[in-house]
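Each remark here refers to the structure printed beneath this line.
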There are 2 protein chains.
Amino acid sequence: MRPTVNDIAREAGVSLATVDRVLNARPGVREKTIRAVNDAIVKLGYVRDLTAANLARSRNYRMAVVLPDTESQFVQTLADALTDAGSIAAAARMDLRLHRFPAEDPHALAALLTSLPGRGYSGVALMAPETPILRDAIRALRAKGLPVVALVSDLPNTGRDHFIGTDNRAAGRTAGVLMGRFLGPAPAQVLVLGQSLLARDMIERRRGFDEVMLRDFPQLDVLPSLETHGSGQTLRQVVAERLTNAPGVRGIYAMGDGHRALTQVIDDMGLSGKLVVICHELTPHVRQALEGGEITAVITQNLGHLARSTLRVLRAKADNLPLDAGQEQIRIEIVLRENLPPIPDSAAFSAAEPADTAA
Amino acid sequence: MRPTVNDIAREAGVSLATVDRVLNARPGVREKTIRAVNDAIVKLGYVRDLTAANLARSRNYRMAVVLPDTESQFVQTLADALTDAGSIAAAARMDLRLHRFPAEDPHALAALLTSLPGRGYSGVALMAPETPILRDAIRALRAKGLPVVALVSDLPNTGRDHFIGTDNRAAGRTAGVLMGRFLGPAPAQVLVLGQSLLARDMIERRRGFDEVMLRDFPQLDVLPSLETHGSGQTLRQVVAERLTNAPGVRGIYAMGDGHRALTQVIDDMGLSGKLVVICHELTPHVRQALEGGEITAVITQNLGHLARSTLRVLRAKADNLPLDAGQEQIRIEIVLRENLPPIPDSAAFSAAEPADTAA
DNA sequence: GCATTTTTGAGGTACGTCCCTCATTTTGCG
DNA sequence: CGCAAAATGAGGGACGTACCTCAAAAATGC
């Protein structure tokens, strides 16, 4: 049998109340007694039973997730992943609520954030570009005791409690190595596409990409970024024009969104499989293009993992508990057609229990 | 407030006892009543509180993890990851125990497995090569109600409940694409190294590798596998000999263990950075060789994830609950120097609580 | 309509921890 | 030494579910 608080009390020769005081860091216990209790804890190998602790606390975790209302597949996929993770975590007292804000309206975002503390939330996860208004709003949240977690794109100067996502500079470097090695030793030109919504991400990726290209692949000529501003129309035009006028282009690095339009141009020009195309984020479109050969490699992050990590981190922060750093690290994944993860069958339950509606 | 069983009872117009019978699939309830209760559950959005349920069940999960006693860094790293995950899961009533068996002795393994049911275990995770004796031992375990989970290397014909690891064939294919694309269009020879401990893995990797090489990179000449039998000595000799006698070798695919010896040969011959070297499993040595340039790319799986997944799956199987397929899927990861994940600082706690010895 | 079986209700205890109150003992200080 | 303050003990209710027993009610068969 596992030792319980009662065993600790007996072992330490103190009362249950004292053990409790020590365990929960309540005041009014002598240093010496604290030591005696801790010794007993170590000696018996006591581990606090989290299920019982959580029950007793009867704590609820209402968390807000705030995302831009962009209709991009990436944000949509992320939202889905978060919703999924949330519905599973509901069994552990989590109550995750998604909020969207107008992508280009920092004031609306700030207003939304300001309204959260009054609504019973005990944590916020947020994906948004960093602005001065946002910085203030986040500081205000934290001043009210709400932990704030940055999602996907870091907000380093806001004092956020944690960042959940990949190192975009390293992701750019990874894209660079793949581009360089896939293109081989012959001279060639590389097209870089970006938008500007999450400017920080784009800048960091570009920086990492250039870093590697300059250092390791001098034979490759990386053209200046083309801004697409999230418009498929613009992207198609710009890319078609470049590919026609610059026949030396053999690689495309798509840092941002708009993969659908990109795939289309490549198909239209009959270039599928003839270019090295590297992009970010494994959305359904990208998956298809990877299988179809329009896209060569994808640098991505596991959104399911990111979503679950978000919930765990929010909870740990709300309880002021330590994190398992290894588990919360979001990896930079490289996906080729050959290691495309199978689509997990969402109905792939392996249980045999009949009345599992509530389980 | 979240609805509880009491709310369900009131809503359905039945007693608490009946709700309990329905929730836990106990007999003696009319079809009609079951429906009424389930309707109330849906209507109120009731979700069983797992923390309370587990507490009430006061169920303990003593699980056995059985690994070969190979002193390879991979197995050692895996064991460490499992131990780490186990100590964290202890707070959730998990009691993970590691067992080692003599790598080449299926009888000893079978004896070990047979001894488990009598020792209070409620699940087994196992990494071992498939043999007829093992098949029988696993069947016996399952007949006694112990779920059996295969680790790293699948045991498809044993009736194991679940497999936790990567698709080795796909991993081999991935290695193949990288090798092919990294080597470029010029003809070259590729050396393949393997051992034989976990024969199934090696065969599958080789098959996947060849599949891609034949189909996509006909200019590359893949030499027959060299067996190293896990001996660094042998590996060094064999590889040195081949590299000297076959000057066309520009790539090495190391399917199995022995990275330390491999790195050494490459360094000794002054070939660091001049060959495309692809291997499996990101152990500390491999990480170092990746940074040093002796190894170009690593196909790996996240052992931390694998370990945590193992615990979750064992627990779910023990409780006969459904799995979250997406979360339990172990991905085939490609690691280059540029996306080498930082070593998670194991002391990177972000809590501020003082008396956290027991938390 | 009666006996029998099946279904339902009522109530209680347990799980391990949290958190509260009130009394009692010990300690520190003048 | 005496008094106030600090430390500790004793006890109990709560969290939400599981699981048990026994009695009562309802459905079923004849």
Side-chain angles (χ1 to χ4, degrees), chain A residues 1-10 12-37 40-41 44-61 90-94 319-321 353 355-359, chain B residues 1-10 12-37 40-41 44-61 90-94 319-321 353 355-359:
Chain A
M1 274 288 109
R2 285 168 55 125
T4 74
V5 277
N6 285 295
D7 300 320
I8 304 298
R10 202 177 324 111
V14 299
S15 76
L16 199 61
T18 301
V19 173
D20 182 66
R21 289 183 184 108
V22 173
L23 275 180
N24 295 291
R26 275 187 266 276
V29 187
R30 265 182 310 172
E31 206 39 63
K32 191 178 146 201
T33 314
I34 293 181
R35 238 177 297 116
V37 172
I41 287 175
L44 297 185
Y46 169 81
V47 181
R48 169 192 264 150
D49 186 330
L50 276 187
T51 62
N54 285 334
L55 178 60
R57 267 190 261 260
S58 92
R59 175 124 166 57
N60 283 315
Y61 302 84
R93 290 202 154 75
M94 264 278 176
D319 286 343
N320 201 21
L321 290 177
E353 222 173 345
D356 254 344
T357 327
Chain B
M1 275 288 108
R2 285 169 55 127
T4 73
V5 277
N6 285 294
D7 301 319
I8 304 300
R10 202 177 323 111
V14 300
S15 75
L16 198 64
T18 301
V19 172
D20 181 67
R21 289 183 185 108
V22 173
L23 274 179
N24 296 290
R26 276 188 265 276
V29 187
R30 266 182 310 172
E31 206 37 65
K32 193 178 145 200
T33 314
I34 293 182
R35 239 178 296 118
V37 172
I41 286 175
L44 298 186
Y46 168 81
V47 181
R48 169 191 264 150
D49 186 330
L50 279 187
T51 61
N54 284 333
L55 177 60
R57 266 190 261 259
S58 92
R59 176 126 166 55
N60 284 314
Y61 302 84
R93 289 202 155 74
M94 265 277 176
D319 285 342
N320 203 20
L321 290 176
E353 221 173 346
D356 253 344
T357 327

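Here the structure is a predicted model, which is why all the values come from computation and not from measurement. Each chain gets a letter, A, B and so on, in the order its sequence line appears, and its residues count up from 1. Only this structure's heavy atoms are used, side chains among them; waters, hydrogens and symmetry mates stay out.
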Taking [atom1] from [X] and [atom2] from [N], how many angstroms apart are they, rounded to a whole number?
X: A:Arg93; N: C:dC18; atom1: CZ; atom2: C1'; result: 12 Å
X: A:Asn54; N: C:dC19; atom1: CG; atom2: C1'; result: 15 Å
X: A:Leu55; N: D:dA14; atom1: CG; atom2: P; result: 14 Å
X: A:Ile34; N: D:dA6; atom1: CD1; atom2: P; result: 15 Å
X: B:Tyr61; N: C:dC15; atom1: OH; atom2: P; result: 17 Å
X: B:Leu16; N: D:dA23; atom1: CG; atom2: P; result: 20 Å
X: A:Asp20; N: D:dT8; atom1: CG; atom2: C1'; result: 13 Å
X: A:Lys32; N: D:dT8; atom1: NZ; atom2: C1'; result: 13 Å

Measuring to OP1 and OP2 of [N], would you say a side-chain N or O of [X] lies under 4.0 angstrom away?
X: B:Ser58; N: C:dC15; answer: no
X: A:Thr18; N: D:dG9; answer: yes
X: A:Arg26; N: C:dC19; answer: yes
X: A:Arg30; N: C:dT27; answer: yes

Nucleotide nearest [X] when distance is taken to its side chain, options [options]:
X: A:Ala53; options: D:dG9, C:dT17, D:dT17; answer: C:dT17
X: A:Val5; options: C:dT8, C:dC18, C:dT17; answer: C:dT17
X: B:Arg57; options: D:dA18, C:dT17, D:dG16; answer: D:dA18
X: B:Ala56; options: C:dG16, C:dC19, D:dA18; answer: D:dA18

How many angstroms lie between atom CG of B:Leu16 and atom CZ of B:Arg21, to the nearest 0.5 angstrom?
10.0 Å
Measure the CG-CG distance between B:Leu55 and B:Leu50 for me, rounded to the nearest 0.5 Å.
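Answer for the CG-CG pair, B:Leu55 versus B:Leu50, is 12.0 Å.
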With a 4.0 Å cut-off, would you call A:Arg59 and A:Asp319 a salt bridge?
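Between A:Asp319 and A:Arg59 there is a salt bridge, with a charged N closer than 4.0 Å to a carboxylate O.
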A:Arg21 (side chain) and D:dG9 (base): donor-acceptor pair under 3.5 Å:
yes
Have a look at A:Arg59 and say if it touches a base, only the backbone sugar-phosphate, or nothing, with a 4.0 Å heavy-atom cut-off.
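No contact at all - A:Arg59 keeps every heavy atom at 4.0 Å or more from the nucleic acid.
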Distance-only, no hydrogens or angles: does the B:Arg2 side chain make a donor-acceptor pair with backbone N or O of B:Val47 under 3.5 Å?
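Pair found, side chain donor or acceptor close to backbone of B:Val47.
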Ignoring hydrogens and geometry, is there a side-chain-to-backbone donor-acceptor pair from B:Asn24 to B:Asp20 under 3.5 Å?
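Pair found, side chain donor or acceptor close to backbone of B:Asp20.
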Report the residue (A:Thr4 or A:Ala17) whose heavy-atom-nearest nucleotide on DNA chain C is the more 5′ of the two.
A:Thr4
